[in-house]
Amino acid sequence: AGIVIKFGKSFQDKQRAYATLIKALGVENRIEDAIDISFRALSQLDVHCSISLPDKSVVMNAWSEMKRKLEAMSDVEFLGYKKMSESSNIAAMKFLHLLILYT
């Protein structure tokens, strides 16, 4: 992973190496390093997150609201949403997923 990250010409070249490194650090129980690299990868995708975690009640309220909206939505309405196609947004979602695993 280090060689690809060091010599990759673009962030797209390095994305899989970063993801593999983050997973490896998690397996090695180097959670802080995995989180740090996740944040750095996201910043390279121009996604900036607060380093401090929100209060659990804020997260639970947002989750409940999202669940309520999705349950109220018909299948046709849900299936009418466009599939995410912007490659940088898709990559950011993958790194956010990894970040959620370690926080």
Side-chain angles (χ1 to χ4, degrees):
I3 292 172
V4 174
I5 291 169
K6 185 175 180 177
F7 294 109
K9 294 182 189 220
S10 70
F11 186 71
Q12 279 185 318
D13 294 342
K14 302 174 187 182
Q15 286 179 18
R16 281 192 179 175
Y18 270 111
T20 301
L21 178 58
I22 292 165
K23 291 174 189 176
L25 290 169
V27 168
E28 293 174 357
N29 206 27
R30 294 175 51 195
I31 304 303
E32 288 183 27
D33 293 333
I35 291 169
D36 181 55
I37 291 173
S38 297
F39 277 122
R40 283 192 280 154
L42 285 166
S43 70
Q44 290 187 46
L45 291 164
D46 204 27
V47 175
H48 305 283
C49 305
S50 171
I51 292 177
S52 60
L53 296 175
D55 184 65
K56 185 176 182 177
S57 64
V58 172
V59 173
M60 293 308 295
N61 287 338
W63 182 268
S64 295
E65 179 66 16
M66 180 177 61
K67 181 181 177 197
R68 185 189 61 73
K69 286 180 180 180
L70 288 171
E71 287 175 341
M73 192 179 293
S74 70
D75 290 346
V76 172
E77 196 176 8
F78 180 77
L79 293 172
Y81 278 104
K82 289 183 187 177
K83 181 180 176 182
M84 188 182 296
S85 60
E86 176 66 38
S87 62
S88 63
N89 289 347
I90 294 169
M93 294 302 288
K94 289 177 182 178
F95 285 108
L96 285 167
H97 176 254
L98 290 172
L99 186 59
I100 288 170
L101 293 174
Y102 300 119
T103 55

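In this text the structure is predicted, and so the values were computed from the model without any measurement. Note: hydrogens, waters and symmetry copies are ignored here, and every other heavy atom, side chains too, is used.
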Please walk me through it: do R40 and D36 pass side chain to side chain contact (heavy atoms under 4.5 Å, CB included)?
-> CA-CA 6 Å; R40 283 192 280 154; D36 181 55; 3.3 Å; yes
D13 versus K9, closest heavy-atom pair with distance = OD2-N, 3.1 Å
For G26 and A34, which heavy atoms make the closest approach, and how far apart are they?
-> N-CB, 4.2 Å
Under 6.0 Å from the CD atom of E77, do we count more than 12 heavy atoms belonging to anything else shown?
-> yes
Using a 4.5 Å cut-off on heavy atoms from C-beta on, say whether the side chain of Y102 contacts that of L25.
-> no
Taking all heavy atoms of V47 and all of A92, pick out the closest pair and write down the distance.
-> CG2-CB, 3.7 Å
In this structure, CG of L99 is separated from CD1 of I37 (nearest 0.5 Å) by 12.0 Å
Which pair of non-hydrogen atoms, one from M84 and one from I90, has the smallest distance, and what is that distance?
-> O-CD1, 3.5 Å
Crowding at CD1, I3 (>12 non-hydrogen neighbours, <6.0 Å) | no
If you measure from NZ on K67 to CH2 on W63, what distance do you get to the nearest 0.5 Å?
-> 9.0 Å
Would you find more than 12 non-hydrogen atoms of other residues, nucleotides or ligands less than 6.0 Å from D55 atom CG?
-> yes
Rounded to the nearest 0.5 Å, how far apart are OG of S38 and NZ of K94?
-> 14.5 Å
So CG of L45 and OH of Y18: to nearest 0.5 Å the spacing works out to 10.0 Å
So do L42 and L96 actually touch side chain to side chain, heavy atoms under 4.5 Å?
-> yes
Closest non-hydrogen atom pair, F95 against A19 = CE2-N, 3.9 Å
Lys/Arg-Asp/Glu bridge criterion (N-O < 4.0 Å) met for E65, R68 | yes
With a cut-off of 6.0 Å (strictly less than), are more than 12 heavy atoms of other residues, nucleotides or ligands near CE of M93?
-> no
What heavy-atom pair brings V4 and K14 nearest, and what distance separates the two atoms?
-> O-CG, 3.8 Å
